[in-house]
Amino acid sequence: MIAEAGLIALWLAASLALLQLFLAFAGLKGGKVELLAAMRPVAVAQGVLTALAFALLITLFLRSDMSVLLVAMNSHSAKPWLYKFAGTWGNHEGSMLLWVAVMGVAGGAVALFERALRRDTHMATLGAQAAISLGFYAFLLFSSNPFARVDPPPPDGQGLNPLLQDPGLAFHPPTLYLGYVGLSVAFSFAVGALLTRAVDAAFARAMRPWVLGAWILLTLGITAGSYWAYYELGWGGWWFWDPVENASLMPWLAATALLHSVTVLATRDGLRAWTIMLAVVAFSMSMVGTFLVRSGILTSVHAFAVDPERGSFILALLAVYIGGALALFGWRIGSVREGAPFELVSRETLLVVNNLLLSVILGIVLIGTLYPLMTEAFGHKVSVGAPYFDRIAGPIALTLMIAMAVGPLTRWRRDRLPAVGRRLVIPATGGAMAAVFIAAVAWGRIGPLPFFGLTVAIGVGIASLAPLWKRKLLRTPLFTWGMVIAHLGCAVSLAGMACDSAFTVEKLVAARPGEAIRTAGWTLRFVKIMPLAGDNWTALQADMAVDRGGRAVMMRPQSRFFTSPPTTTSEAALLTQWDGQLYVVLGEEVEGGRWQLRIWWKPFVTLIWFGGVLIALGGALALVGHERRGWLVKWRSRRAVA
Amino acid sequence: MKALIALFLAFAAAPALAQTALPPAPWADRQIPDARQERAAKALMETIRCLTCQSQSIADSNASMAADMRSQIRERIMAGERPEAIRAWLVARYGDWVSYAPSADPILWPLWAAPLVLLALGLVLMRGRIRRSRS
Amino acid sequence: MRRILIWLPLLLFVAFIGLFASGLFQPDDRIIHSRLVGQPLPAFDLPAAASDRPGLSSEAMTSGQPRLLNIFASWCVPCMVEAPQLMALKQAGVAIDAIAIRDARSDVDAFLARNGNPYQRIGLDARSAVQIALGSSGVPETFVIDGRGRIAYQHIGEIRADDVPTILARLEDAR
């Protein structure tokens, strides 16, 4: 009955979305803004129903109900409960249901919590959100039903891909989806504002927290995913410029640009058309990414069960929603007045530079990712990978970092160049000293991109703290703290990337138990190798006693064998130190009782993800900072009334 | 999304199950004693696409053919061959597809021009938004 | 100017949709063909892979008559699937040589004893070196080599019964 209940909840949610769309239409057409009051409960109920459907699917997975096709195909009764739980979204249908649930809940939240938006715009926004949701309900119900039954049920399921059987699966996809789909709210806001001609500073202030919220989660999701791939895939890499990764990076780039342009719109009432365009682009990139991944047109034929019907369905959704929004943009934006132009030396200009460079990087990633598809249409197969992206996007990203350092040290409206220069003396000196030091230590070993990366990271790191200079730290507004910490996070992350690519020491060795391996100041004593049994796997585990002069620590890399489905994975052992990570992978047995080992010492690599977390934390502080001001104003006005 | 990558890699690795039991080629997972040569070999391997797994470089693949390619690359680097010559040799056999570094083939000119076009377009857009200081 | 810029995103998007649709509906061709088709066979000289057949060199492939060069391995399942077709080609009078990839002599002997031996010569390519030099991307693959030692055609994957006429025709073309 649980599966049927889930299906009913989805159908009900879909009909409520239809009702919501109809109410918005009627309200806007007839100018009856009081219909908004009726739309609110409808949107909230829709959110509750989608969340319920998702909870029911989780229940089915937890109970290992093999009479449900999706569970039988993707789960196994002998799996630990965490992977039964997380396995709910480790497949196409389940992750689409998660997508729809996030969209429904986000719509409900906009109905419930948004109070700053003009009422007609609010109505149009909820209508747009319902319209997008409807397409995805249709996709789920007509071509990806997660609740379909199988008769007779198989004795047991086929199991979850062992590479996904990791705590990372419990955290990474939900966070990423919250961010991905959370951007649908910005999209709906933009459509709503275009429909009701409400593109102004007040609109931007209303939209900002929603953008910020989605952006924080997207940042966390990408950071977590990168770390997961880093330790799970066992090659020591944390970013591969794979189409699937690029698909998650593109919405983030657009959302980051949007975050900054919406601030310009909120503060200076400028960049109106541009902000609307970015809001449309950000969620469009989420949808394009989903299409690229699920249609299988970019990854290999082995990648996913390639289903042309599903691919066409998502493509149709893309065409309708993105095409519709862009057409609306073209039709309406002409009537949106642009504000007065900015002074050359002003924070606005630097934010425009930020937007320009982020958009160029976005364009490069998009074109680089799709280029193999374009040439294939001409019968020419090419690959575009790290050498292209690093060489082209790298220098632009470094320029962007510099703009990021200068921006907060420049005044709104108008500043004087010598004054800005004076504020940059200390960071520039720090960067220059770092450059000299790195050159002296590592000349010849360090490539140009890591060299400039590290230099810029240090200079920008100092500069990002400068807005706190000579301020009373406790009296500094939270959103200033948020900006400082997020910008510092970018510098920290960049420093980690540069250190990893410049100073990583790799050691490949075939060793037998009893031998000691020396690399990068570490001594690894290969103590023994033992078989081991886990919940649903068996493994060979190597015991490595590891030290660099002090007390020895035990590291235990494994080679795991799963039976359902039959797969071998290698579980890397990681030792985290303040100055880096030691990464050990156990390979196959080679002749003479020797085992192939891959060992990396990665100085300061953890800064990459620590920086990512700082960026998200900065976002969270900014969100609380902006919102708290709103709460305070409201509280005071209420007291004044009393 | 990273979950999906993992999913993808697992499927891609599936055909590799039917691999030979022969020990890997001598230089597949052994480093060249000369650190400079090893760096050059590694940098090249990271940009050569694995043929049997389709979305990994040969540096990141367990497939036996990738291991044989790694061994061959190391041996040729040790013999004094230049990395770009090895890349060209592979491209002559497998086409541009095998190299993650796009070549200067005319069909790739738009790819290399794209960043410039985007920057130019962006600057044109920006010009209208900014005025010279009156001071 | 502004009008163009306003509609530019939509135009670009329509182009992308066209691209996606073409990617979605064009036949899924992930096969990497060797670029050496039409060029001379690279020089190689391989030791014998089986007990009762000699090894294989590129000179031996230049015999004045078109021949097949089959890339196989005893550990490869599709190679077993194509064995009957290769036997049929041999029966039709086609000269077939082979290269065994990453293999051991005892395994090759056992494979041939079970699946039949259509080969005149079998070279052992223990480290896939010749395979890579040929631009071959896996096992099994079959090359048509013309009488002057040029690669005339490459068949990727196992030879199925309905591929046999194509291969015979290609052999005829290479004559």
Side-chain angles (χ1 to χ4, degrees), chain A residues 90 161-164 169 172-173 176 225-226 228-229 232-233 235 237 242 244-245 247-248 270-271 289 293 299-300 302-304 341-345 349 352 356 359-360 363-364 367-368 371 375 378 380-388 392 396 414 506-508 510 567 587 590-591 596 598, chain B residues 1-15 17 23-24 29-31 38-39 42-43 46-47 49 53-57 59-62 95-103 105 107-108 110-112 114-115 117-119 121-123 125-126 128-135:
Chain A
N161 181 328
L163 273 176
L164 297 180
L169 181 64
H172 163 60
L176 197 65
S226 159
W228 184 19
E232 181 69 26
L233 296 182
W235 295 99
D242 184 281
V244 178
E245 293 169 332
S248 74
L271 299 186
V293 169
T299 37
S300 135
H302 305 287
F304 299 89
F342 308 132
E343 291 289 328
L344 183 60
V345 185
T349 301
V352 170
L356 166 69
S359 309
V360 169
I364 290 168
I367 291 170
Y371 207 78
T375 61
F378 297 99
H380 196 110
K381 288 195 174 72
V382 302
S383 300
V384 180
Y388 174 79
I392 303 293
I396 300 177
R414 197 161 165 208
E506 181 183 53
K507 179 95 172 172
L508 307 175
T567 316
V590 290
E591 66 259 75
Q596 183 65 48
R598 296 197 297 266
Chain B
M1 279 309 108
K2 199 51 71 81
L4 300 172
I5 275 226
L7 200 67
F8 160 66
L9 291 177
F11 277 100
L17 285 176
D29 296 301
R30 189 165 142 211
Q31 287 162 301
E38 172 66 20
R39 264 206 304 280
K42 176 86 181 171
E46 278 171 353
T47 61
R49 194 160 179 173
C53 23
Q54 300 241 354
S55 193
Q56 279 168 299
S57 77
D60 295 349
S61 168
N62 281 322
D96 280 324
W97 185 89
V98 80
S99 166
Y100 274 118
S103 67
D105 190 288
I107 200 163
L108 288 155
L111 180 68
W112 292 110
V117 172
L118 288 171
L119 269 174
L121 186 69
L123 288 173
L125 273 175
M126 214 178 123
R129 297 283 74 226
I130 299 194
R131 68 162 166 241
R132 294 213 156 267
S133 185
R134 284 162 301 179
S135 59

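Treat the numbers as computed from the prediction; the structure is a model and nothing was measured. Chain identifiers are assigned alphabetically (A, B, ...) following the order of the sequence lines, protein sequences preceding nucleic acid strands; residue numbering begins at 1 within each chain.
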What I'd like to find out is whether the side chain of B:L108 reaches to under 4.5 Å of the side chain of A:V382, using heavy atoms alone.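 Yes, their side chains come closer than 4.5 Å.
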
Does any non-hydrogen side-chain atom of A:W235 lie less than 4.5 Å from one of B:N62?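 Answer yes - side chains close enough.
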
Would you mind reporting whether A:Y388 and B:Y100 have side-chain heavy atoms less than 4.5 Å apart?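 A side-chain contact is absent here, since even the closest heavy-atom pair is not under 4.5 Å.
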
Out of curiosity, B:M126 CE to A:T349 OG1, how far, rounded to the nearest 0.5 Å?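 Nearest 0.5 Å value for the CE-OG1 distance: 6.5 Å.
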
Using a 3.5 Å distance criterion without hydrogens, assess whether the side chain of A:S383 forms a donor-acceptor pair with backbone atoms of B:W97.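 Here the side-chain-to-backbone pair exists.
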
Between A:S359 and chain B, which part of the residue has a heavy atom less than 4.5 Å away: side chain, backbone, both or neither?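 For A:S359, there is no contact with chain B at all, as no heavy atom is under 4.5 Å.
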
Is a side-chain donor or acceptor of A:E506 paired with a backbone partner of B:Q31 at a separation under 3.5 angstrom?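 It does not hold such a pair.
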
Among the options B:G95, B:A59, B:S57, pick out the one with the most heavy-atom pairs lying under 4.5 Å from chain A.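 Ranked by contacts with chain A, first place is B:A59.
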
Determine whether A:T375 and B:L111 make a side-chain contact, defined as any pair of heavy atoms from C-beta on separated by less than 4.5 Å.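 In short, these two side chains do not touch, never coming nearer than 4.5 Å.
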
Selection from B:I107, B:L119, B:L118 maximising heavy-atom pairs under 4.5 Å formed with chain A: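 Option with the top pair count is B:I107.
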
Using non-hydrogen atoms and a 4.5 Å limit, figure out which bit of B:E46 sits close to chain A: side chain, backbone, both or neither.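 For B:E46, there is no contact with chain A at all, as no heavy atom is under 4.5 Å.
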
Determine the option with the most heavy-atom pairs under 4.5 angstrom with chain A, choosing from B:A114, B:G122, B:P110.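 If we count pairs closer than 4.5 Å to chain A, B:P110 comes out on top.
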
Heavy-atom cut-off 4.5 Å, strictly under: side chain, backbone, both or neither for B:A43 against chain A?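 No part of it gets close to chain A.
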
Chain A contact via B:S61 - side chain, backbone, both or neither, heavy atoms under 4.5 Å: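 Contact with chain A is through the backbone of B:S61 alone.
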
Side chain / backbone / both / neither for A:L356 at chain B, heavy atoms under 4.5 Å: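 Only the side chain of A:L356 comes within 4.5 Å of chain B.
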
Identify which part of B:L121 has an atom lying under 4.5 Å from any heavy atom of chain A, answering side chain, backbone, both or neither.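 Contact with chain A involves no heavy atom of B:L121 at all.
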
Between A:L508 and B:R30, which heavy-atom pair has the shortest distance, and what is it?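 Between these two residues, the closest heavy atoms are CD1-N, 4.3 Å.
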
Of the backbone (N, CA, C, O) and the side chain (C-beta and beyond), which part of A:V360 lies under 4.5 Å from a heavy atom of chain B, both, or neither?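 Both backbone and side chain.
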
